[in-house]
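To keep things clear, I will list the structure first and then write my remarks on it.
Below, read A as the first sequence line, B as the second, and so on, with proteins coming before strands; counting in each chain starts at 1.
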Amino acid sequence: MSQIEFYDTRSREQRPFEPLTPGKVGIYSCGPTVYAEQHVGNVRSRLFSDLLKRFLISEGFDVTHVINITDVGHLVSDADDGEDKMEAAAKRAGQTAGEIAAHYTELWRQDAAAVNCLPPEHNPKATDHIEEQIELAKTLEAGGYLYSISDGLYFDTSRFPRYAELAGLDLEGQSEGMRIGITAGKRNPSDFAVWKFAEEGVQRLQEWDSPWGVGFPGWHLECSAMSSRYLGERFDIHTGGIDLATVHHTNEVAQSECGFGVHPWVSYWMHNEFLSMGGDEKMSKSKGNVKTLTDLIDRGIDPLAFRYFFLQAHYRQQQAFSDEAIASAAKGFKRLQKIAAELEAVEGDGSADEQGPYRARFREALADDLNAPRAMAVVWDVARSDSLADVDRRDLMRAFDPVLGLQLGCASTAVSDEWESDPRIDGLLAERNNAREAKDWATADRVRDELAAEGIEIVDSPEGPRWRRK
RNA sequence: GGCGGCGUAGCCAAGUGGUAAGGCACGGGCCUGCAAAGCCCUGAUCCCCGGUUCAAAUCCGGGCGCCGCCUCCA
């Protein structure tokens, strides 16, 4: 049995996975900033952390998964100088930041549920952990890592020698280049706000008292504070989108390692690559491109088909998203589901010897840095095998599904809901059938064409004709 | 300017030294009154050039193209 290996961004290599505590794994995943609806790219990140969790559970680990909800402090733009995303969204909608956060948090949870993600053990909100964040800032201040300028309390990144380590940054090269617009008073371009002061005379929707006056926490602080609260001052795996590595995660490391006095703070950094929209096809509603999971659902695509789509590519590879790609995934998923559902009807006991090689190949693919596409190839081998007994195929599908999360073999999602009935259409169908029996092909085909024009597909079968909407 | 990644059949994609997984589409076949649905079969020498090697999609060098990050971003 080969060992589990994961690619770690910090060490830039794939390494055997060894948890800090045998049998247990702590995972912290950077969650959504709840100021807007999440798009399919966000869903990919969510699916990635879920696949990781499901695989580790299948390996027998006791997994604690934490996903944070960012509901304050995430600025719109400009290093540490822009508007708070939550404040901006609230203003636009004429609601409180809390209402905005609650609304989009709920949508995010619905998306996750729709693609069958296991709920996290903890789902903390930044605004519920202001105390912990202030405590951490106090510790950092006592350690001499912070300095205060007009608009906030900043972390002096020159005090942390390993600052550039996680993302392999070349700080000098960066500052010589494109980087412009340094906040006045910052000692180093890479310094970041730990606590922001409320502007004089400006009433924010979200602000709190602190030893440094009224204000709000910097974006990065919440992840350091909340991860330690739920997973301890060191933990096993931290996940997020690849874009977060350079700034957000780099700053988290600085705060945590300096504040907690640990190294390495996180054993494995795992980052998922982006979904690409292909060439000049920017993702935007005005162009009619699909953008959110809801858009997909509105087009009649099963949200689980998006999960299937996700599983077709490796998480560290950019994946091209297009109408054609998601449509082909939906078709493949439907076929697979149908095969699995039919296998559920098989009775009897399988053979461990027969199943062994397939289970091993499946597991090894995932143990190799979560190579889902390779695992899916094994699934299809089983689905289309004519050398395996049906009982064994059934058992294998049942064994694979808890890791894949595709709800294979779940009849209700597969075929049982497929056929519809409606008095008018059923009547037309009967009319066509009568014409067929009379060999009046012209009439029969006319009825079929009429229904097709309504988007209705007739499927003839030994039990008689049935229909469904395309 | 710096950092990172990618370029494999029409599309989505595995594969990092021994001679190209899987899915979708197309085409062909079975079925059908004809179709549809379903089932079966079928396709690539891996962006270009040069090098290393008995052997390279896989290693090295040089190009070309594309993408991400460095400012919020999954």
- [ ] Write down the distance separating the P atoms in B:C59 and B:G15, rounded off to the nearest Å.
- [x] 13 Å
- [ ] Identify which nucleotide among B:C67, B:C70, B:A74 has an atom closest to any side-chain atom of A:Gln318, counting heavy atoms from C-beta outward.
- [x] B:C67
Open item on the list: Expressed as a whole number of angstroms, how long is the span from A:Arg316:CZ to B:A14:P?
Closed with: 11 Å
Open item on the list: Output the rounded distance in Å from CG (A:Asn42) to P (B:C72).
Closed with: 17 Å
- [ ] Identify whether any heavy atom of A:Phe48 sits under 4.0 Å from a base atom; if not, whether one sits that close to sugar-phosphate; answer base, sugar-phosphate or nothing.
- [x] nothing
Open item on the list: Within the 3.5 Å criterion, strictly below it, is a donor on A:Ser45 or A:Asn42 matched to an acceptor on the partner's side chain?
Closed with: no
TODO: Report which part of the nucleic acid A:Arg384 touches: base, sugar-phosphate, or nothing (heavy-atom distance under 4.0 Å, all strands).
DONE: sugar-phosphate
- [ ] Taking atom C1' in both B:G10 and B:A44, compute the distance separating them and give it to the nearest angstrom.
- [x] 12 Å
Open item on the list: With a 3.5 Å cut-off and heavy atoms only, can you find an N or O donor on one side and an acceptor on the other between the side chain of A:Arg448 and the base of B:A35?
Closed with: yes
- [ ] Find the partner of B:C34: check Watson-Crick (N1-N3 plus N6-O4 or O6-N4) and G-U wobble (N1-O2, O6-N3) distances, both under 3.5 Å, and reply none if neither fits.
- [x] none
Task: Nucleotide nearest A:Val247 when distance is taken to its side chain, options B:C70, B:C11, B:G22 - done: B:C70
Open item on the list: For the residue pair A:Glu37 / A:Thr294, report whether a side-chain donor-acceptor contact shorter than 3.5 Å exists.
Closed with: yes
TODO: Using a heavy-atom cut-off of under 4.0 Å over every strand shown, decide if A:Lys331 touches base, sugar-phosphate, or nothing.
DONE: sugar-phosphate
Open item on the list: By the 4.0 Å heavy-atom rule, please label A:Asn371 as base, sugar-phosphate, or nothing.
Closed with: sugar-phosphate
Task: Gap in Å between the two P atoms, one belonging to B:C31 and one to B:U45, rounded - done: 34 Å
Task: A:Arg12 side chain, from C-beta outward: closest of B:G10, B:G4, B:A35 - done: B:G4
TODO: Give the nucleotide from the list B:C69, B:C34, B:G23 with an atom nearest to the side chain of A:Gln312.
DONE: B:G23
Task: Presence of A:Arg466 side-chain N/O under 4.0 Å of B:A37 phosphate oxygens OP1/OP2 - done: no
Open item on the list: If the cut-off is 4.0 Å, is A:Arg335 near the phosphate of B:A25, judged by side-chain N/O to OP1 or OP2?
Closed with: yes
- [ ] Indicate, with a heavy-atom threshold strictly under 4.0 Å, whether A:Ala325 touches base, sugar-phosphate, or nothing.
- [x] sugar-phosphate
- [ ] Using a heavy-atom cut-off of under 4.0 Å over every strand shown, decide if A:His314 touches base, sugar-phosphate, or nothing.
- [x] sugar-phosphate
Open item on the list: Using a 4.0 Å heavy-atom cut-off, does A:Arg436 contact any base of the nucleic acid, only the sugar-phosphate backbone, or nothing at all?
Closed with: base
TODO: Could you check how far CD of A:Glu273 sits from C1' of B:C12, rounded to whole Å?
DONE: 16 Å
Task: Within-4.5 Å side-chain heavy-atom neighbours: A:Leu370 and A:Leu52 - done: yes
Task: Under 5.5 Å and under 30°: A:Trp441 stacked on B:G33 - done: yes
- [ ] Please state the C1' separation for the pair B:C48 and B:G7 - nearest whole angstrom.
- [x] 11 Å
Open item on the list: Between B:A9 and B:G43, how far apart are the two C1' atoms, rounded to whole Å?
Closed with: 7 Å
Open item on the list: For a quick check of understanding: with a heavy-atom distance under 4.0 Å over all strands, which category does A:Gln319 fall into, base, sugar-phosphate or nothing?
Closed with: sugar-phosphate
Task: Protein-nucleotide distance (A:Phe310, atom CZ; B:A14, atom C1'), rounded to Å - done: 15 Å
TODO: Can you label the angle between the A:Trp265 ring and the A:Phe235 ring as parallel, tilted or perpendicular, going by 30° and 60°?
DONE: perpendicular
- [ ] Describe, in one word, how the ring planes of A:Phe321 and A:Phe309 are oriented to each other, choosing from parallel (under 30°), tilted (30 to 60°) and perpendicular (over 60°).
- [x] perpendicular
Open item on the list: Pick the closest RNA chain B nucleotide for A:Leu244 and for A:Lys439 by heavy atoms, then say which residue is nearer the 5' end.
Closed with: A:Lys439
TODO: Just call it for A:Leu336: base, sugar-phosphate, or nothing, with non-hydrogen atoms closer than 4.0 Å on any strand.
DONE: nothing
Open item on the list: Any donor-acceptor pair, under 3.5 Å, between the side chain of A:Asp381 and the base of B:G22, if you only look at N and O atoms?
Closed with: no
Task: Value in whole Å for how far the C1' atom of B:G15 lies from CZ of A:Arg361 - done: 13 Å
Task: Paired nucleotide for B:U58 [Watson-Crick or G-U wobble; both distances under 3.5 Å] - done: none
Task: Rounded distance in Å - CG (A:Asn272) to P (B:C69) - done: 13 Å
TODO: Sticking with atom C1', work out how far B:A55 lies from B:G18, rounded to a whole angstrom.
DONE: 6 Å
Task: Ring center gap for A:His271 and A:His249 short of 6.0 angstrom - done: yes
Open item on the list: Say we look at B:C30 and B:A37: how far apart would their C1' atoms be, to the nearest angstrom?
Closed with: 14 Å
TODO: Look at the rings of A:Tyr268 and A:Phe6 and say which category their plane angle falls in: under 30° parallel, 30 to 60° tilted, over 60° perpendicular.
DONE: perpendicular
TODO: Quickly work out the A:Leu275 CG to B:C12 P distance and round it to whole Å.
DONE: 12 Å
Open item on the list: Between A:Thr70 and A:Glu222, do the side chains contain a donor N or O and an acceptor N or O under 3.5 Å apart?
Closed with: yes
TODO: Can you tell me the pairing partner of B:C24 across any strand shown, Watson-Crick or G-U wobble, with both distances under 3.5 angstrom?
DONE: B:G10
- [ ] Please tell me which of A:Ile339 and A:Ala377 maps to the more 5' nucleotide of RNA chain B, matching each residue to the nucleotide holding its nearest heavy atom.
- [x] A:Ala377
Open item on the list: Ring of A:Tyr7, cation from A:Arg15 - is the NZ or CZ under 6.0 Å from the centre and inside 45° of the axis?
Closed with: no
Task: A:Lys338 side chain, from C-beta outward: closest of B:G38, B:A37, B:C34 - done: B:G38
- [ ] State the pairing partner of B:G4; accept Watson-Crick or G-U wobble contacts with both distances under 3.5 Å, and report none otherwise.
- [x] B:C67
Task: Out of B:A14, B:C11, B:A37, whichever nucleotide has its closest atom nearest the side chain of A:Glu324 - done: B:C11
Task: Out of B:C24, B:A74, B:A37, whichever nucleotide has its closest atom nearest the side chain of A:Arg44 - done: B:A74
Open item on the list: Could you tell me how far B:G22 sits from B:G61 if I compare only their C1' atoms? Round to whole Å.
Closed with: 34 Å
Open item on the list: Taking the minimum atom-to-atom distance to the side chain of A:His39, which one of B:A74, B:A36, B:A21 wins?
Closed with: B:A74
Task: Of the listed nucleotides B:A35, B:A37, B:G68, the one nearest the side chain of A:Ile242 - done: B:G68
Open item on the list: Stacking between B:A74 and A:Phe274, yes or no? Criterion: centroid separation under 5.5 angstrom, plane angle under 30 degrees.
Closed with: yes
Open item on the list: Measure CZ/A:Phe321 against C1'/B:C6 and give the value in whole Å, please.
Closed with: 20 Å
